[in-house]
Number of protein chains: 2
Amino acid sequence: MKRPTTTAAAAPPAPRAAAAPAAPKGGPVAASRESAAAPRPRADAVRNRERILAAAREAFVEFGSAAPLDEVARRAGIGNATLYRHFPDRDTLVHHVVLFTTERVAASARAALAEEPDAFAALCRFTHSAADERIGALCPMLADGFDRDHPELLAARTALAEAVETLLAAGREAGLVRADIGAGDLMIALSQLSRPLPGTACFDTDRFAHRHLQLFLDGLRAPARSELPGSAATLEDLTWKTT
Amino acid sequence: MKRPTTTAAAAPPAPRAAAAPAAPKGGPVAASRESAAAPRPRADAVRNRERILAAAREAFVEFGSAAPLDEVARRAGIGNATLYRHFPDRDTLVHHVVLFTTERVAASARAALAEEPDAFAALCRFTHSAADERIGALCPMLADGFDRDHPELLAARTALAEAVETLLAAGREAGLVRADIGAGDLMIALSQLSRPLPGTACFDTDRFAHRHLQLFLDGLRAPARSELPGSAATLEDLTWKTT
DNA sequence: ACCGAAACGGGGAGACGGTCCCCGCTTGGC
DNA sequence: GCCAAGCGGGGACCGTCTCCCCGTTTCGGT
């Protein structure tokens with residue numbers, strides 16, 4: 001859960017070796033001039049990059065997106081200079097953490113949908129694994145200066161939205177999920193319940209988070225046991241927010 | 001919080017009129033020397049004191065107990081000097097906010113218990129009104145330097161604990177609340193769901209909070225719809241926490 | 001095994017933001 | 001109508017975070 005060793009999480013800031021064969025042998029010197037600025041990054045640099053993203057994700061969930069960067073570096077077990085070398089400023093780091101997390105959560109939604117035959121079981125599996133993936137790290141996206149409309153993010157967010165909506169729709173159609181809730185309701189409550197209580201790195205969040213998520217999920221089952229105040233929260237309700 | 005000035009956090013900054021008749025008319029000058037320092041506070045001072053407590057409660061829920069004090073003053077609609085005059089340092093303010101909130105939440109628990117015939121309805125009423133009372137403002141109590149054992153707080157906390165336990169026990173005995181949850185589970189989830197999402201003073205928390213609380217409450221009903229991981233959280237689990 | 005270059009870590013200057021005090025003005029209360 | 005308690009704004013101090021500099025280590029190719 002804490003080790004993001006799985007996929008090639010995001011577009012690396014150091015342009016990857018994608019264009020490797022682009023440089024013809026004939027002119028290695030000329031190749032180094034412009035397009036072929038892709039000297040495959042060192043193994044330890046890649047490892048550190050992933051450690052930083054994982055550490056930042058935890059720290060952002062705990063302290064918000066204003067978490068001290070030196071603290072992030074400390075948790076990642078690296079020097080602060082290394083952090084700044086990989087991500088020149090805070091905005092860049094936040095951007096990549098959000099992207100990283102969005103993609104991982106979306107992947108877990110698709111996996112749940114594909115692998116669980118029961119629609120409600122799929123919803124449960126997604127919910128618990130999104131908590132483990134620290135979906136709360138997406139909250140900085142709602143903050144003021146964040147570039148919500150960056151193409152990379154837009155794509156990732158759309159994919160996530162689609163997966164979650166599908167998951168919920170399946171549950172509703174199977175008559176297993178009450179009809180008066182929206183994907184926004186799930187995402188908000190999920191973020192809230194999986195966050196550590198403020199000022200308390202101390203007692204382990206996870207022990208309680210999964211209990212309370214399960215209780216919440218029990219409340220989502222059909223038939224509904226009560227009437228809800230207000231109206232269902234859609235995912236648009238989350239991204240819009242007019243400051 | 002950072003400064004261990006904790007010692008005197010107790011003394012009420014504005015000695016109330018408790019000792020009002022202590023000053024005999026015969027010697028008003030002599031009276032001002034020591035014991036009778038209880039000149040009934042002015043009406044506007046009392047009003048400001050309450051505004052500060054209310055504003056601080058909101059700010060602490062939103063930013064944690066490290067919220068900028070100038071921000072608290074701004075929300076209270078007063079100058080910062082007035083804030084410091086009422087509460088000489090942050091610890092004192094936090095102390096009084098926690099006390100204030102604890103007492104109000106406990107009162108609402110007792111009211112729910114006394115006035116609602118149905119045990120589950122009482123639990124619902126308490127839950128929603130605790131959210132309105134910003135129970136999340138009690139979280140600073142879990143922070144590092146906080147003097148949890150101050151007599152005033154201890155009494156208030158005990159009263160709150162007793163009321164909540166009674167509320168839950170009534171629900172359990174009536175067979176309306178599942179048996180595998182503790183008061184700690186309720187209080188934690190309640191705090192979490194009623195908190196604003198970080199970095200977002202923007203979209204109104206309350207609109208969603210009550211929906212999600214209601215969903216959570218639906219999950220608390222008997223019969224239980226699932227088996228919970230871990231074990232029930234007691235209220236001791238909340239106050240202990242060994243840093 | 002060796003070498004060059006890429007990557008790393010620690011320490012510190014600068015800047016930002018929060019705390020808290022000082023002093024002239026306003027307002028409540030007798 | 002008096003006067004003292006209470007108020008508000010502005011600013012100096014100070015702790016903290018950011019970000020850069022430079023000597024050292026480690027990777028990866030030959």
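All of these numbers come straight from a predicted model, not from anything done at the bench. In what follows, chains carry the letters A, B, and so on, assigned in the order in which the sequence lines appear, proteins first and then strands, with residues in each chain numbered from 1.
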Applying side chain to side chain donor-acceptor pair (under 3.5 Å), name anything that partners B:Thr158, two or more places apart in sequence or on another chain.
none

Give me the distances for all protein-to-nucleotides 1-3 of chain C N/O pairs that come in under 3.5 Å?
none

Determine the interplanar angle of the B:His212 and A:Phe216 rings, folded into 0 to 90°, and report it as parallel if under 30°, tilted if 30 to 60°, perpendicular if over 60°.
perpendicular

Under the rule for salt bridge (Lys or Arg N to Asp or Glu O under 4.0 Å), what residues qualify as partners of A:Asp44, not counting sequence neighbours?
A:Arg42

Please identify each residue that fulfils side chain to side chain contact (heavy atoms under 4.5 Å, CB included) with B:Ala159, with sequence neighbours left out.
B:Arg110

So which one's nearest nucleotide on DNA chain C is more toward 5', B:Leu69 or A:Asn48?
A:Asn48

May I ask you to verify if any side-chain N or O of B:His86 is less than 4.0 angstrom from the OP1 or OP2 atom of D:dG6?
no

Salt bridge (charged side-chain N to carboxylate O under 4.0 Å, His left out): pairs with one or both residues in residues 93-108 of chain B, sequence neighbours excluded
B:Arg104-B:Glu133

Send over the distance from B:Leu83 CG to D:dG9 C1', rounded to a whole Å.
15 Å

Would you mind reading off the distance between A:Arg74 atom CZ and D:dC17 atom C1', rounded to a whole angstrom?
15 Å

Take atom CG of B:Leu93 and atom P of C:dG18, then tell me their distance rounded to the nearest Å.
16 Å

Quick one: which protein N/O atoms are closer than 3.5 Å to N/O atoms of nucleotides 1-3 of chain D? Pair and distance per line, please.
none

Quick one: what's the B/S/- string for nucleotides 20-30 of chain D, heavy-atom cutoff under 4.0 Å, read 5' to 3'?
BB----BSSS-

Check side chain to side chain contact (heavy atoms under 4.5 Å, CB included) between B:Ala209 and all other residues, then give those that pass, not counting sequence neighbours.
B:Thr205

Set of side chain to side chain donor-acceptor pair (under 3.5 Å) partners for A:Asp89, sequence neighbours left out
A:Thr92

Whole Å only: how far is the CZ atom of B:Arg49 from the C1' atom of D:dC7?
17 Å

D:dG6 OP1/OP2 closer than 4.0 Å to side-chain N/O of B:Thr82:
no

Check the distance between D:dT16's C1' and A:Phe63's CZ and give it to me in whole angstrom.
14 Å

Exactly one candidate in A:Arg211, A:Arg195, A:Arg134 meets salt bridge (charged side-chain N to carboxylate O under 4.0 Å, His left out) with A:Asp206; the answer is A:Arg134

I'd like to check the side chain to side chain contact (heavy atoms under 4.5 Å, CB included) partners of B:Asp132; sequence neighbours left out, ordered by chain and number.
B:His210

Whole angstroms only, please: what is the CG-C1' distance between A:Asp91 and D:dC19?
14 Å

Holding to side chain to side chain donor-acceptor pair (under 3.5 Å), I want the full list of residues that pass it with A:Arg85, two or more places apart in sequence or in another chain.
none

Which residues share a side chain to side chain donor-acceptor pair (under 3.5 Å) with A:Glu71, sequence neighbours left out:
A:Arg74, A:Arg75

